[in-house]
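Data block below; observations after.
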Amino acid sequence: MSSNTSQPSQISSETSKFIFVETRGDLFNDAPADSSLAHCVSADFKMSKGIAKIFKKMYGTRGLFDQHKKVGQVATLPDNNRYIFYIITKKIYSQKPTKEDFESAINDLRKVCEEKNVKLLCLPRIGTGLDKLPLEYVHRTIRQVFDGHEMKMIMFYL
Ligand SMILES: Nc1ncnc2c1ncn2[C@@H]1O[C@H](COP(=O)(O)OP(=O)(O)OC[C@H]2O[C@H](OP(=O)(O)O)[C@H](O)[C@@H]2O)[C@@H](O)[C@H]1O
């Protein structure tokens, strides 16, 4: 994957419907205001470090616990005309996700995006920092799961 800083790099064009690009930028400053956002969390919504800590500061946790979502699922907070998605990839904050749980959660993310008719989703390089998943594996999983789904996904990196 090229890390062209001027234009988003086209990662995938497996289908004309799903567009997946990666671009340098700060998710909170550079993502379009009407884009839904997604990031990875643990089921206890500790969000004590990393980008999750910023999400917690910005959006809190109210309304997350009573959705009773489990590992491999996605909790959702509405934010004006878009959504904030909490991709639950592990049970407690001190763990690291398994690939099986990560893939289940990405499948649920697609399902939730279809249900809520999300056409633009921005996210960081989910799972690749504190959760230590390989970037290429994360890209491949996203491409496989979202293949054929009409949506644009922009992955931001600093
Ligand atoms: N503003 C910004 N714009 C764009 N990219 C940004 C950014 N800020 C950071 N990044 C980058 O985005 C990647 C993933 O950022 P992170 O490492 O945080 O997340 P992750 O998905 O690997 O891990 C999640 C678990 O970490 C915590 O769990 P703990 O409590 O620590 O156990 C949570 O609760 C989860 O469970 C890294 O490349 C960061 O540099």
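As the structure lists them, so they are numbered: ligands from 1, and atoms in each ligand from 1. Computed over heavy atoms, backbone and side chain alike; hydrogens, waters and symmetry mates excluded.
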Show which side-chain atoms of residues 101-108 pair as donor or acceptor with protein atoms under 3.5 Å away, not counting sequence neighbours.
{"residue": "Asp101", "atom": "OD2", "partner": "Thr98", "partner atom": "OG1", "Å": "3.2"}
{"residue": "Glu103", "atom": "OE2", "partner": "Tyr137", "partner atom": "OH", "Å": "2.5"}
{"residue": "Ser104", "atom": "OG", "partner": "Glu100", "partner atom": "O", "Å": "2.9"}
{"residue": "Asn107", "atom": "ND2", "partner": "Glu103", "partner atom": "O", "Å": "2.9"}
{"residue": "Asp108", "atom": "OD2", "partner": "Val74", "partner atom": "N", "Å": "2.7"}

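Taking the ring axis of Tyr157 as reference, the NZ or CZ atom of Arg125 stays within 45° of it and closer than 6.0 Å to the ring centre.
Inter-residue side-chain proximity for Phe85 and Leu123 is flagged as unmet; no heavy-atom pair is nearer than 4.5 Å.
For an aromatic pair to be called close, the ring centres must be under 6.0 Å apart, and Phe146 with Phe20 fails this.
Between Phe55 and His39, the ring planes are parallel. Angles under 30° get that label, and only those over 60° would be called perpendicular.
A salt bridge is absent between Glu115 and Arg110: the closest approach of a Lys/Arg side-chain nitrogen to an acidic carboxylate oxygen does not fall below 4.0 angstrom.
Protein residues having at least one heavy atom under 4.0 Å from any atom of ligand 1 are Gly25, Asp26, Leu27, Phe28, Cys40, Val41, Ser42, Met47, Ser48, Lys49, Gly50, Ile51, Ala52, Lys90, Tyr93, Pro124, Arg125, Ile126, Gly127, Thr128, Gly129, Leu130, Asp131, Phe156, Leu158, listed by chain and number.
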